[in-house]
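Order of the sequence lines fixes the chain letters, A, B, ..., with proteins taken first and strands second; residue numbering starts at 1 for each chain. Hydrogens, waters and symmetry mates play no part in the numbers below; they use all other heavy atoms, side chains included.
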Amino acid sequence: MHDKSIAQLASGLRAGEFSSVDLTQAFLDRIEQYDGALNSFITIAEQAALKSAEAADRRLRTGKATLLTGIPIAHKDIFCTDGVKTSCGSRMLDHFIAPYDATVVTRFDQAGAVMLGKTNMDEFAMGSSNETSYYGPVHNPWDQESVPGGSSGGSAAAVAARLCVAATGTDTGGSIRQPAALCGLTGLKPTYGRVSRYGMIAFASSLDQGGSLTRSAADAAAMLQVMAGFDPRDSTSAERPVPDYGAALEDEIAGLRIGLPKEYFGEGLDPAVARSVEQAIDEYRRLGAEVKKISLPNSALAIPTYYVVAPAECSSNLARFDGVRFGHRCDDPKDLEELYKRSRGEGFGAEVKRRILIGTYALSAGYYDAYYLKAQQIRKLISDDFRSAFEQVDVVMGPTAPGTAFGIGEKADDPVTMYLSDTYTIAVNLAGLPAVSIPVAPVGGKPVGLQIIGDYFQESRLLNMAHRYQQVTDWHLAMPEMQDLG
Amino acid sequence: MVWETVIGLEIHAQLATRSKIFSGASTAFGAAPNTQACNVDLGMPGVLPVLNREAVRMAIRFSAAIDAELARRSVFARKNYFYPDLPKGYQISQLELPIVGPGEVQILLDDGETRAVGVTRAHLEEDAGKSLHEDFHGLTGVDLNRAGTPLLEIVSEPDMRSAREAVAYARKIHQIVQYIGICDGNMQEGSFRVDANVSVRHPGEELGTRAELKNINSFRFLERAINFEVERQIELLEAGGEVVQETRLYDADRDETRSMRSKEEANDYRYFPDPDLLPVELDEVFIAEVTADMPELPDARRSRFNQVYGLKPVDAATLTVSRPLADYFERVVEVSGDTRLAATWVMGELSGALNRDGLEITAASVTAEMLGGMLRRIADGTISGKLAKQVFEAMWQGGGSADEIIEARGLKQITNTGAIEKLVDEVIDANPRQVESFRQADEKKQAKMLGFFVGQVMKASRGKANPQQVNQLLRIKLV
C-alpha cells in the first residue's frame, strides 16, 4: 500500500480495497517503525490524522471526494497548523501552536488530504543538509550516515522512506529541489506567486515558495493542483487561472528545445553526477527533444547575490521573534534589552544568527547601496539571463546539486562549502522561475537529480517533461532498503 | 543679535478607515486592550499584509486637496527597530517613493497676509501599538489595538518662522483633512499628532541644528513647546553652547521640553522595500473616480462666503473653520433666508452655547433647521431679537422648536397698535414729572430721555411689544 502512487491509492480508496483509515494507520505504523532512525518528523499528529481519515472515508462514500481525499501526506513544519505545533525547526518556536492554518494547509484540508504530521527541517529553512534543526539531523533513507539535503530534509526523507505519500516543502534557494535530488524524489518549486505564502513562516519573502516532494511527476501534478491559486491574503500571489496540471502530462515532447547552460557543467560538478545527468539528457534526445548549449553568463553571481538578499530579508522577518508575544522567552530578564538579547540568543541556532548578522550588516546605513542595492541589480541581470535563454529554448536542464548526499557533519562547520551545494538552484529563486528536480541514474547507490527549469508559470510543461522521462525510466520507482531501526 | 526661528512640522493624521491598513481588524478607538488585534496585527509567524484600498483613496484625496504631485507608483518599505509595541520588529512605511509628493497650503497670518507653506511629501504607514507603563507594578503592558492603524504622515518644508505660523499651518492641515473626510482630527485621542522640528539661526545663514519636539497634543501646546524650545536654543547659543540634534519631549505640566534621545542613540532603521507588498500603482481612471466627489475646500469656501454672502473676511474664515460649522451655517441661511442674522447667531449665541457646554457643532441640541426657523420669526417680526435669546436658550434646553416655545410661553410680539397705544398712555399717565421735563428739553436731550419711556412700555408689555411701534407712538404722544 505504501508504495503506490496518488492515482493508484485514490482508485483503491474508491474501489473499497482499503479505507483511508487503513491507509493512514499503515503509514503511522511505518513512521513508528522507521522514523526513530530517520528523524524526519518533528510532530506526529496521530489522533488528528485518524480523525481526518474517518472524515475522508465518509466523504469518499458521498462521491464528493477529490484526488487527494483520504491520502496521507505530511507538511513541512514551516506551515502554520491551527492546534498542532509549528516549530520551524527552532527552539524559538518549540512550544508554539499557531492560532490559524496556512492557506496551503487549508487547501489540503479542504481537498480531504490526511495530515500525518509535521516534518523536520533546517531551522527557519536556513540550511542545505537539515543539520541546523533544533530537533537534530535527519538521516537520508538511502544512506543513514548521509544528510537528506535541506532545508525540506524531513519531507524528503519521509517521502523517500514511504512514511507518507507526499509532502509539502518550501524552496528559498533550493530547499525542495536539492533534498529531492539527494533522496531520489520529484521536487517541484513552482513559480514565485503560484502558491500562497500566507501561513508559511517567512525566511526570505521575495524568494520563498511552497511546493511538493513526491515520488513522481504525476503525484506532483496532483499536489500542485491543490496548492496553486490566488490567495487574497498574499499580495504577491498570482491572480491568474490554474491549469489542469494532470491534463498535459502525456503531451508529446518531440521537438521541444532543451538548453544546457555551460555554466552548470563546469568546475565543482562531480564528474559522475555529470555523466548521470548527461545520460538523462540522452534519454530526452531519444524522446525527440532538441538539445542545445546555452549560456547563463551571470550564474556565478547567484550565490553571492542570494547571500545578501536572503539574509537581509531574514534579518527583518525574524525580528518578530523577540520574546514579547510568542515563542521562546528567557527566564528572569532584568530589563527589556536583556529580554531581547537572551530570548533571541537562546532561541536561535548558529546558522540563523549568522544570517541575521549578515543581513543586518547588509542593510545598515552606509552599506545598503554597496550590498542590498547592488544585489538587487545583479538579481535583475540573472533574471535577464533566463529571459534570453527562454527566447531560444523551452526549458533549461542541468544537475540539481553538484554531488550526491554528503555525510552528516561533513560540511557542517564550513558554511561556504555548504552554500555551494545550492549553486545550481539559487538563480531560479532569484528569478522567481519554476523548476523541478527528478531522479536520474544514481551514483554509488546514492540518488542524483536532474533539474528542469521552465519559464514563468510553465509548471505544466515541467511536469510533462518530467513525466515523459519517468514513463521510459524507473529511477523514480526505486525505494531505499529500509532497516528496521525503529 | 537677531535670531530667526525655523520650523518644519511632521503631522501624523490617522486615516478614518473602518479597518486597519494591512488587516481586516477594526480601527475603532477605546476598545478593551488587545481585542482589536488580529493575527496580522500581532505579527504572528507566517502572516502577510494586504493593503487597504480605502487608505490609498484617502491619500489620493489629500494629494488633490493640496494640489500635490501624486505618485503613480509608490513603494512600501520596512523601518526596522525593536520595541515591545511594534509586533513585527518593523513598521511598514514609505521612504524613497511616497504616495504624495510636493504640494503647498496657504496660511493666513496675524497681519491678514497669506503665506505658502510647502508640503514636502505625505506617505502612508501603519501605527504601532501602545506601551502602558502604569498599573503593572514595574512591568509594562502592551496594547496592540492601535497597531496597524493607517496613518498619513505629512511632512512640511522648514517654511515657518514663528510658533504662530506653525500653529496656523497645523490648523490648516487639520482643517483640510477633516474637510475631505480622511481624519476625525481628534487630538486628544491621538488621531492628529504634530511633531515639530525647531532650529534657530541668524537670518541669511545656513539652517541651524534642529531638535524634534514630540508629545504635543493640542495647538496651544504646540505654540508653547516651540516658544520654549526657541528660547532654550537661543540661550544655549548665546552662552556659547551648541544645539545637539535630538528628540525632545514636551511636558505640558511643566511647560518645558526634555531630551528623549540623541542622534547617537538613534536607531539605524535599515529601511528596505517590503517584499510582502507590491508597489502601489495608480491608474488615471481610479484617481478620477476617487477625486470626483471632492468637497469644496476651506479656502474656496471662505472666499465664496465672502463674495456670495457678503461676509467680512474674518467672519468668512470663522464660519468655514470646519466643514460641519460651514454646513450648519449654510443650512441656517437656507431655512431663515437671512444671511446677516444667520452669521450673527451662529457666531454669537450658538458658538457661545457650544463653548459653554464644551460641545462640537455636530452635537448641538439646536439644529440648523431649528435655528433657521427661529430667525425666520425674528425676520417676520413675530419675536424681537431680545426675546429670541430666551427662545434660543429654551430650544437649547430641549424645549422644542421656536414656534412651539413662542406659542407655549406667549412670547409673540404685540404689534396691535391699539394695545400698544394703551400701554403708552398708561406710562405717560404714571410719570407726569418725567413727561414734563421731556417736553421742556431740547431735541438732543429728548432723544436721550426717550429710552426711559421705551423701557417702561417694554417692561409693561413684558418685552413683547414691538419696539419700533413703541418708539413711534411715544414720539407722537410726548410732544
Side-chain angles (χ1 to χ4, degrees), chain A residues 78-80 86 88 90 92-93 96 98-103 124 193 196-202 204-208 231-237 309 312-313 315-327 336-337 339-340 344 359-368 372-373 376, chain B residues 21-24 34 37-53 75-92 95-96 129 131 133 138-144 147 263 266-281:
Chain A
I78 198 169
F79 289 102
C80 287
T86 301
C88 222
S90 181
M92 183 59 86
L93 293 179
F96 178 68
Y100 74 105
D101 279 327
T103 298
F124 284 102
S196 169
R197 293 187 296 114
Y198 188 79
M200 199 174 102
I201 297 177
S205 313
S206 73
L207 303 163
D208 296 342
D231 179 2
R233 288 187 172 140
D234 176 1
S235 310
T236 62
S237 81
V309 175
E313 293 182 11
S315 71
S316 174
N317 283 333
L318 270 60
R320 70 190 61 199
F321 303 104
D322 57 6
V324 173
R325 296 165 315 286
F326 46 72
L336 180 63
E337 192 166 324
L339 168 75
Y340 285 151
R344 290 168 68 79
T360 302
Y361 180 81
L363 291 174
S364 299
Y367 299 99
Y368 179 85
Y372 187 81
L373 217 57
Q376 291 298 348
Chain B
I21 185 165
F22 299 118
S23 83
N34 299 309
C38 68
N39 289 333
V40 173
D41 307 325
L42 293 173
M44 278 287 165
V47 297
L48 295 170
V50 176
L51 179 59
N52 182 340
R53 201 179 171 83
V75 171
F76 283 101
R78 294 184 183 177
K79 178 180 181 178
N80 295 285
Y81 65 96
F82 283 95
Y83 206 68
D85 59 25
L86 186 71
K88 298 185 295 295
Y90 58 85
Q91 177 196 27
I92 305 177
L95 179 69
E96 285 179 357
S131 292
H133 302 290
L139 298 176
T140 295
V142 175
D143 177 7
L144 296 176
K263 196 187 173 192
N267 287 301
D268 173 359
Y269 292 121
R270 290 172 283 119
Y271 278 100
F272 73 105
D274 191 334
D276 288 332
L277 290 158
L278 302 176
V280 182
E281 306 213 329

Practice item. Can you tell which part of B/Y81 gets under 4.5 Å to a heavy atom of chain A, answering side chain, backbone, both or neither? Key: neither
Point to revise | Contact class of A/F79 relative to chain B, heavy atoms under 4.5 angstrom | key: neither
Point to revise | Interface moiety of A/A362 toward chain B, non-hydrogen atoms closer than 4.5 Å | key: neither
Exercise for review: Would you please test B/F82 and A/L336 for side-chain contact (heavy atoms from CB on, under 4.5 Å) and show each step?
Suggested key: CA-CA 10 Å; B/F82 283 95; A/L336 180 63; over 6 Å; no
Exercise for review: Could you look at B/N39 and say if it's the side chain, the backbone, both or neither that has a heavy atom under 4.5 Å from chain A?
Suggested key: side chain
Practice item. Output the option from A/C80, A/S206, A/P99 having the highest count of non-hydrogen pairs under 4.5 Å with chain B. Key: A/P99
Review point. Under a 4.5 Å heavy-atom cutoff, which of B/P275, B/G24, B/P45, B/P87 has the most pairs with chain A?
Key: B/P45
**Study point:** Stepwise side-chain contact (heavy atoms from CB on, under 4.5 Å) test for A/R325 and B/L144
**Key:** CA-CA 11 Å; A/R325 296 165 315 286; B/L144 296 176; 3.7 Å; yes
Check your understanding: Which answer fits A/A102, side chain, backbone, both or neither, if we ask what part of it has an atom under 4.5 Å from a heavy atom of chain B?
Key -> neither
Check your understanding: Is there a donor-acceptor pair closer than 3.5 Å between any side-chain N or O of B/D268 and the backbone N or O of A/S364?
Key -> no
Review point. Nearest 0.5 Å, what's the CE-CD1 distance between B/M44 and A/I201?
Key: 10.5 Å
Study note, to complete from the structure: On a heavy-atom basis, the closest approach of B/P273 and A/Y368 is CD-OH, 3.4 Å
Practice item. List the steps, then state whether side-chain contact (heavy atoms from CB on, under 4.5 Å) holds for B/D276 with A/T236. Key: CA-CA 6 Å; B/D276 288 332; A/T236 62; 5.5 Å; no
Check your understanding: A/A319, A/A204, A/G327: which one forms the most heavy-atom pairs within less than 4.5 Å of chain B?
Key -> A/A319
Review point. Which word best sums up how the rings of B/F272 and A/Y372 line up, parallel for under 30°, tilted for 30 to 60°, or perpendicular for over 60°?
Key: perpendicular
**Study point:** Selection from A/T360, A/I78, A/V324, A/L373 maximising heavy-atom pairs under 4.5 Å formed with chain B
**Key:** A/T360
Check your understanding: Do the non-hydrogen side-chain atoms of B/V47 and A/R320 ever get within less than 4.5 Å of each other?
Key -> yes
Practice item. Could you tell me which portion of A/F326 (side chain, backbone, both or neither) has an atom closer than 4.5 angstrom to a non-hydrogen atom of chain B? Key: side chain
**Study point:** Taking every non-hydrogen atom, the tightest pair across B/R78 and A/E313
**Key:** NH1-O, 4.2 Å
Review point. Heavy-atom distance under 4.5 Å between the side chains of B/V40 and A/R233, does that happen here?
Key: no
Check your understanding: Out of A/R197, A/M200, A/Q376, which one racks up the most heavy-atom pairs below 4.5 Å with chain B?
Key -> A/R197
Review point. Would a 4.5 Å heavy-atom cut-off, applied to side chains only, mark B/P84 and A/Y340 as touching?
Key: yes
Check your understanding: So which part of A/Y367 gets closer than 4.5 Å to some heavy atom of chain B, the side chain, the backbone, both or neither?
Key -> neither
Check your understanding: Got a sec: does the CD of B/E96 have more than 12 other heavy atoms crowding it under 6.0 Å?
Key -> no
Point to revise | Separation of B/Y90 OH from A/N317 CG (nearest 0.5 Å) | key: 5.5 Å
